[in-house]
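Naming: A, B, ... by sequence-line order, numbering from 1 per chain. Just so you know, these numbers use all the heavy atoms, side chains as well, and skip hydrogens, waters and symmetry mates.
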Amino acid sequence: MKTKLKQLIINSLNTLVADGVLKSVPENIRLDHAKDDTQGDFATNIAMLLSKQAKCTPQDLAKKIVAKLEITDEIEKIEIAGHGFINFFISQTSSTSIINKILDQGKNYGLLNIGTGQRVLLEFVSANPTGPLHVGHGRGAAYGATLANLLRNAGFTVDCEYYVNDAGRQMDILTTSVYLRYINTDKFPDNGYQGEYITAISKQIKGIKKLNIFTNVSKDAKDGGDKEKHIEDLINNCKTQLGDDYKTIFNLAIKHILADIKQDLSEFGVEYQQWFSEQSLLDSGLSKKIIATLQASGHIYEKQGALWFKTTDFGDDLDRVVVRDNGVHTYFASDIAYHLEKFERGYDKIINIWGADHHGYIARIKACIKALNHNPDKLEILLVQFANLYRSGKKIAMSTRSGSFVTLQQLRTEVGNDAARFFYVLRKVDQHMDFDLDLAKSKTNENPIFYIQYAHARICSVLAKAQDNTQAPDLTLLNNAHEQALIKQLSRYLNIVKNAVLNYEPHILAYYLRDLAKDFHSYYNNCEFLIADKNLQASRLQLITATQQILQNGLTLLGVSAPEKM
RNA sequence: GUCCUUGUGGCUCAGUUGGAUAGAGCAGCCGCCUCCUAAGCGGCAGGUCAGUGGUUCAAAUCCACUCAAGGACGCCA
């Protein structure tokens, strides 16, 4: 309908160009859904845009455009508003046709072909495997999974990937922490991982010697020493004294934690196609090879015993270290290799969803992509702001290291998967989010997810009670204000889904579903469906069945269930 | 100090990419179950869109500056 109208407008403009009124026709014509009934169904601002060119007032130009407009029977009337808007009123048979379209296509209604044939790599969460996921990760998980759904719905082939940081110092701290719990020392370091899950893992260790690894160790912070040095010494003792057993403990720890994370995400409806190990980049030598390549091409230089990437050549404000003077590769070195690897896998689009704290990394990652002769525009980095957690009106401080945090799993069991998925996605990602635990836990109607699901359940309930009706529906009977509002809302769905995916903004869909549910609840309270007039009943049931379908399709995209009963 | 994000009723947030009288939910007040699920509906009240200037037919939206909040700026991961 919209494209048809656009074509009619373009035709009209073209004849005006031929008549010498206009010089040229713009490529893009705005045709929006009007927000008010008095403004018709669609509105265009074209007359205002071109009035200067036509050297007349917007109103006069609008009149000329309308005069040249071919009237089809789908258009009921056309009005020119005071400012120069041209408002189109669509005939009823044409507007109700959306109902049949939705019913015909069912689950497939809303599929788009924007991304047909394009492959997307979507990386998200990628939390360090040093402990369970907490509520901050939950936001990235919900957003990423929903974005994947939207992209697939738009025709893209999407691979979701989790980058596992299973290399580096944090892994040593993890391993040492587990061992310290195993030997059950009372001298646990400040800088170790103190969560209870560490103790749980340590109980799985069997047949490894309990040694005193506190010999020749510098003081911890609480004794006036340096906590970094303290744990460094412990790690070294652990490694040298345990030998091969160290690796055993390491493997045990990471296996457990990863299994936990996978299960957690899976229960949250978040599935990955790939889990990419950082260690594999070191093992395969790819990391080393790339550094050599970059060194050969002059992008990496040596200073004070360390290797530096000249990211300033590509817009970064400082050069960055890739290999420390002790020979250890930095996290950044792995990241370069990882991203190169991603590019070489041949995706059309690479999307990273990062926590807002990684903001400083964008410039340097894009820099090395340029240095490696790839197109940095292929990589899109989306930042998700932190979710602050509030309990009893107070912000909860969280730290993985100290073990004081609310896990994603705790949140899920407290508020339920549906509410959690929806709540997370209800905010724009670049918006700081206050997650009020008490509010989310209180199962009242303050949570909009119940409102939407309730609308769906109500429709199911009505349809279940409806007896078989052989009467054919006559959609022209759907002419009261509630019905027209609902029909209009349904006709917005395609556009909503399109906007949500193009902008990577699932919240657009979330808000739409709430609006749709509102129109339905209003209809429900004002009109009866199961009535004596079987003809009208059949028509109304068609309308709410279409509504049910859209609610279902939309909720599915958001990863939320559409219950038949509540 | 440099960079990023944000600033919209008492609270939490939308605002279809520059459009028509700035919208929801919660909290407040007043109404609606003999009826398909009251987890619902209807109504009232509540705003100088942080501020100033600019761009144009039109600015919450774009530009500049100011103010305020949060974050990022390691040979950490």
Please determine whether any donor N or O and acceptor N or O are separated by less than 3.5 Å between the side chain of [X] and the base of [N].
{"X": "A/Asp357", "N": "B/G71", "result": "no"}
{"X": "A/Gln170", "N": "B/C76", "result": "no"}
{"X": "A/Asn87", "N": "B/A20", "result": "yes"}

Side-chain heavy atoms of A/Asp418 within contact of A/Gln453, under 4.5 Å: yes
Nucleotide [N], atom [atom2] - distance to [atom1] of [X] in whole Å:
{"X": "A/Tyr454", "N": "B/C41", "atom1": "OH", "atom2": "C1'", "value": "10 Å"}
{"X": "A/Gln59", "N": "B/A58", "atom1": "CD", "atom2": "P", "value": "13 Å"}
{"X": "A/Arg427", "N": "B/G7", "atom1": "CZ", "atom2": "P", "value": "13 Å"}
{"X": "A/Ile365", "N": "B/C4", "atom1": "CD1", "atom2": "P", "value": "19 Å"}
{"X": "A/Gln453", "N": "B/A39", "atom1": "CD", "atom2": "C1'", "value": "10 Å"}
{"X": "A/Phe520", "N": "B/A39", "atom1": "CZ", "atom2": "C1'", "value": "13 Å"}

Between [X] and [N], does any side-chain N or O lie under 4.0 Å from OP1 or OP2?
{"X": "A/Tyr512", "N": "B/G23", "result": "no"}
{"X": "A/Arg458", "N": "B/A38", "result": "yes"}
{"X": "A/Lys518", "N": "B/G40", "result": "no"}
{"X": "A/Lys428", "N": "B/C13", "result": "no"}
{"X": "A/Arg324", "N": "B/G74", "result": "no"}
{"X": "A/Thr57", "N": "B/C57", "result": "no"}
{"X": "A/His521", "N": "B/G42", "result": "no"}

Would you mind classifying the nucleic acid contact of [X] as base, sugar-phosphate or nothing, using non-hydrogen atoms under 4.0 angstrom?
{"X": "A/Lys303", "answer": "base"}
{"X": "A/Cys460", "answer": "nothing"}
{"X": "A/Ala457", "answer": "base"}
{"X": "A/Asn499", "answer": "sugar-phosphate"}
{"X": "A/His33", "answer": "nothing"}
{"X": "A/Ala47", "answer": "nothing"}
{"X": "A/Tyr511", "answer": "sugar-phosphate"}

Residues that [X] engages under ring pair (Phe, Tyr, Trp, His ring centres under 6.0 Å), provided they are two or more places apart:
{"X": "A/Tyr162", "result": "A/Tyr272, A/Trp275"}
{"X": "A/Phe276", "result": "A/Tyr338"}
{"X": "A/His299", "result": "A/Phe314"}

Can you tell whether the side chains of A/Glu528 and A/Arg540 come within less than 4.0 Å, N to carboxylate O? no
Check this for me: does any side-chain nitrogen of one of A/Lys370 and A/Asp313 sit under 4.0 Å from a carboxylate oxygen of the other?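 Looking at A/Lys370 and A/Asp313, the cut-off is not met.
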RNA chain B: 5'-proximal contact among A/Ser461 and A/Asn165 (nearest heavy atom):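 The answer here is A/Ser461.
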A/Arg30 or A/Ala356: which one's nearest nucleotide on RNA chain B is closer to the 5' end?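 Counting from the 5' end, the first nearest nucleotide belongs to A/Arg30.
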Selection from B/U16, B/G19, B/U37 that lies nearest to any side-chain heavy atom of A/Leu49: B/G19
Could you pull out all donor-acceptor pairs under 3.5 Å where a side-chain atom in residues 504-511 of chain A meets a protein atom, sequence neighbours excluded?
{"residue": "A/Tyr504", "atom": "OH", "partner": "A/Glu380", "partner atom": "OE1", "Å": "3.4"}
{"residue": "A/Tyr504", "atom": "OH", "partner": "A/Glu380", "partner atom": "OE2", "Å": "2.9"}

Give the C-alpha distance, both sets of side-chain angles, the deciding distance and a yes or no for ring-ring contact (aromatic ring centres under 6.0 Å, His included) between A/Tyr523 and A/Phe529. CA-CA 10 Å; A/Tyr523 184 31; A/Phe529 306 123; 5.0 Å; yes
Dot-bracket, 5' to 3', for RNA chain B please: Watson-Crick or G-U pairs under 3.5 Å, [ ] where pairs cross earlier ones, | where the partner sits on another strand, dots elsewhere. (((((((..((((.....[...)))).(((((.......))))).....(((((..]....))))))))))))....
Return the stacking result for B/A20 and A/Phe85: yes when the ring centres lie under 5.5 Å apart and the planes under 30°, no otherwise. yes
For A/Ala546, enumerate each residue passing the side chain to side chain contact (heavy atoms under 4.5 Å, CB included) test, keeping only those at least two apart in sequence or located in another chain. A/Ile99, A/Ile102, A/Leu103, A/Leu490
